[in-house]
Amino acid sequence: MVTTNKTFPESASPKTILVTGASGQLGVELVYNLRQKYGSNQVLATDIGENTLLKEKGPFEWLDVLDKKRLSELISHYQIVEIYHLAAILSANGEKNISLAWRLNMNGLLNVLETARELQVQRVFWPSTIAVFGPDAPRKNTPQDVPLHPTTVYGISKVAGEHWCAYYNRRFGVDVRSIRYPGLIGYRSQPGGGTTDYAVDLFYSAIKGKPFVSPVDRNTRLPMMYMDDAVKAAYDIMNADSDQIRIRTGYNVGAMSFTPKELADAVKQIIPSFEIQYVPDERDQIAANWPDSLDDSAAREDWGWNPKFGLEFMVSDIIANLSDVFSSSREN
Ligand SMILES: NC(=O)c1ccc[n+]([C@@H]2O[C@H](COP(=O)([O-])OP(=O)(O)OC[C@H]3O[C@@H](n4cnc5c(N)ncnc54)[C@H](O)[C@@H]3O)[C@@H](O)[C@H]2O)c1
């Protein structure tokens with residue numbers, strides 16, 4: 001039985017959205033922006049972990065994406081027409097529990113695709129990742145179409161997931177859309193165990209006045225994206241006409257690329273006392289097999305992908321916003 005959240009209207013509007021994994025790094029930002037766009041009550045945030053901010057500002061339901069029955073009940077009850085399926089275990093954490101990572105990433109997606117088919121949900125967004133690429137893919141300007149030989153369970157699950165998305169689209173007409181995100185950098189929530197999350201951790205150390213030990217080597221270059229661009233990419237692909245989406249596996253999307261040293265240098269421009277050391281661990285080995293930049297011309301041509309933010313803006317924006325957060329928490 002579904003417990004109705006009081007803030008949600010009895011009659012749902014035609015654009016009622018469900019977000020899974022909403023308490024995570026991307027989910028918090030996506031839900032915030034979708035609620036700004038469509039109205040707080042139109043966007044149902046779900047997760048197995050609570051987020052007070054999400055709960056206070058709109059409907060929130062507990063949902064384990066491995067529980068297909070509850071997923072169906074929520075979709076029917078709230079008359080959901082679009083799903084953003086974000087719940088997953090990311091690269092570094094996936095290596096610590098490979099069977100859970102496989103089960104969650106695969107069965108969660110299959111539950112969402114199958115329920116979308118059964119209940120005729122209009123559109124599904126599911127993020128893929130640069131972890132689909134392996135050491136044999138060209139590292140610079142990695143093309144859209146290359147052999148995918150991932151080295152992590154996370155990457156394997158995302159390659160398989162891309163093919164399941166294409167299959168459900170081809171066989172059942174499920175309008176599922178996917179992009180291969182690079183490392184995402186935001187400040188509204190703590191990162192959830194990805195390899196590129198070092199960049200987010202670095203900002204938290206810098207703001208707290210603490211030295212940072214980078215698990216990724218100083219010259220390991222990776223493609224990255226500011227969270228505002230990540231939200232825009234999801235929104236843009238979901239709002240393109242269906243015939244614009246020619247690729248039903250996952251689109252490459254790029255924004256910027258940098259090394260830990262370049263990021264640290266940019267932070268030092270604003271916080272000169274910031275200190276960094278490099279002690280590469282297994283995350284550097286994962287990163288060594290990933291692209292350092294992406295050819296995203298297909299996304300640009302098909303649905304108008306056009307990132308807005310570069311390194312300099314991102315660094316100053318995050319430091320300004322995080323400084324506000326920390327100074328107001330010290331005052332309270
Ligand atoms: N963060 C990145 O750099 C990045 C890059 C590429 C792709 N992505 C993709 O974006 C999506 C979101 O990533 P994120 O960074 O927000 O991850 P995150 O780890 O911060 O958040 C994942 C969320 O999923 C939830 N979750 C875990 N198990 C669940 C379950 N059984 N049922 C429901 N929810 C569950 C967690 O509680 C968490 O809130 C993922 O699919 C990820 O693969 C992220």
Side-chain angles (χ1 to χ4, degrees), residues 18-32 44-55 60-68 70-71 74 83-94 96-97 100-112 124-133 150 152-162 165 176 178-201 216 222-227 229-231 233-234 237 250-256 283 286-287 290-291 294:
L18 180 147
V19 181
T20 74
S23 302
Q25 205 194 352
L26 175 58
V28 167
E29 309 254 5
L30 189 64
V31 168
Y32 174 81
L44 173 62
T46 70
D47 203 294
I48 54 167
E50 281 195 3
N51 179 296
T52 323
L53 211 62
L54 285 182
K55 234 180 149 171
F60 182 94
E61 295 275 7
W62 187 92
L63 172 66
D64 179 344
V65 292
L66 297 175
D67 184 347
K68 184 166 177 284
R70 180 157 172 85
L71 174 67
L74 287 174
I83 300 174
Y84 289 73
H85 172 46
L86 309 182
I89 292 185
L90 277 72
S91 54
N93 278 353
K96 292 177 194 153
N97 193 341
L100 177 63
W102 179 254
R103 203 167 64 246
L104 172 61
N105 295 2
M106 227 49 300
N107 294 349
L109 174 63
L110 285 171
N111 283 345
V112 168
V124 177
F125 174 78
W126 173 76
S128 185
T129 160
I130 55 167
V132 296
F133 298 110
T152 58
V153 65
Y154 175 63
I156 298 170
S157 71
K158 290 289 186 175
V159 172
E162 285 194 3
C165 288
V176 51
S178 178
I179 53 187
R180 293 171 181 158
Y181 277 130
L184 305 183
I185 306 174
Y187 59 87
R188 284 198 180 87
S189 65
Q190 295 281 349
T195 300
T196 52
D197 289 341
Y198 85 82
V200 184
D201 295 332
V216 175
L222 287 168
M224 298 280 194
M225 185 179 285
Y226 193 28
M227 200 53 91
D229 265 339
V231 168
I237 195 171
Y251 277 93
N252 283 6
V253 284
M256 61 180 110
R283 281 169 282 187
I286 293 176
W290 287 355
L294 298 166

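Just so it is clear, the structure is predicted and the values come from calculations on it, not from any experiment. Counting convention: from 1, in listed order, for ligands and their atoms alike. Position 1 is the first residue of the sequence, and the numbers go up from there.
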Is ligand 1 under 4.0 Å from a heavy atom in the side chain of T196, in the backbone, in both, or in neither?
side chain
Out of L90, L26, D47, L54, whose heavy atom is nearest to atom 44 (C) of ligand 1?
L90
Below 4.0 Å, non-hydrogen atoms only: which portion of L104 touches ligand 1? Side chain, backbone, both or neither.
side chain
To the nearest 0.5 Å, tell me how far I185 CD1 sits from Y226 OH.
9.5 Å
To the nearest 0.5 angstrom, please state how far the CG atom of N93 sits from the OH atom of Y154.
11.0 Å
Regarding atom 18 (P) of ligand 1: of the candidates G108, A230, G24, S23, which has the closest heavy atom?
G24
Give yes if a backbone or side-chain nitrogen or oxygen of G49 is under 3.5 Å from a nitrogen or oxygen of ligand 1, and no if not.
no
Is the closest N or O pair between Q25 and ligand 1 shorter than 3.5 Å?
yes
Counting N and O atoms only, with roles assigned by atom type, does the side chain of R103 sit under 3.5 Å from a partner on the main chain of L66, one being a donor and the other an acceptor?
no
Taking C-beta and beyond as the side chain, do V231 and Y32 meet within less than 4.5 Å on heavy atoms?
no
Please work out, at 4.0 Å between heavy atoms, whether the side chain, the backbone, both, or neither of H85 comes within that distance of ligand 1.
neither
Structural part of Y154 in contact with ligand 1, heavy atom criterion under 4.0 angstrom:
side chain
Identify, by atom number and element, the atoms of ligand 1 in contact range of P127, meaning under 4.0 Å from any of its heavy atoms.
9 (C), 10 (O), 11 (C), 41 (O)
Which ligand 1 atoms are under 4.0 Å away from a heavy-atom of G183?
3 (O)
Honestly, for S128 the part within reach of ligand 1 (heavy atoms, under 4.0 Å) is backbone
In terms of atom number and element, which parts of ligand 1 are under 4.0 angstrom from non-hydrogen atoms of L63?
32 (N), 33 (C)
Proximity flag K158 to ligand 1, non-hydrogen atoms under 4.0 Å:
yes
Is P182 touching ligand 1 with its side chain, its backbone, both, or neither, if touching means heavy atoms under 4.0 Å apart?
backbone
To the nearest 0.5 angstrom, please state how far the CG atom of L26 sits from the CG atom of L184.
6.0 Å
Out of T195, T152, T129, D197, which residue meets the side-chain hydrogen bond (donor to acceptor under 3.5 Å, both in side chains) rule with S91?
T195
Per side-chain hydrogen bond (donor to acceptor under 3.5 Å, both in side chains), E162 is matched among S128, S157, S178 by S128
Looking at every non-hydrogen atom in both residues, tell me the closest pair between H85 and P127 and how far apart they are.
O-CD, 3.2 Å
Using every non-hydrogen atom in the two residues, find where A87 and T20 come nearest and quote the distance to one decimal.
N-OG1, 3.2 Å
Would you say the side chain of S23 lies within less than 4.5 Å of the side chain of F60, judging by non-hydrogen atoms?
yes
At a 4.0 Å cut-off, with the gap strictly under it, does some heavy atom of D64 reach an atom of ligand 1?
yes
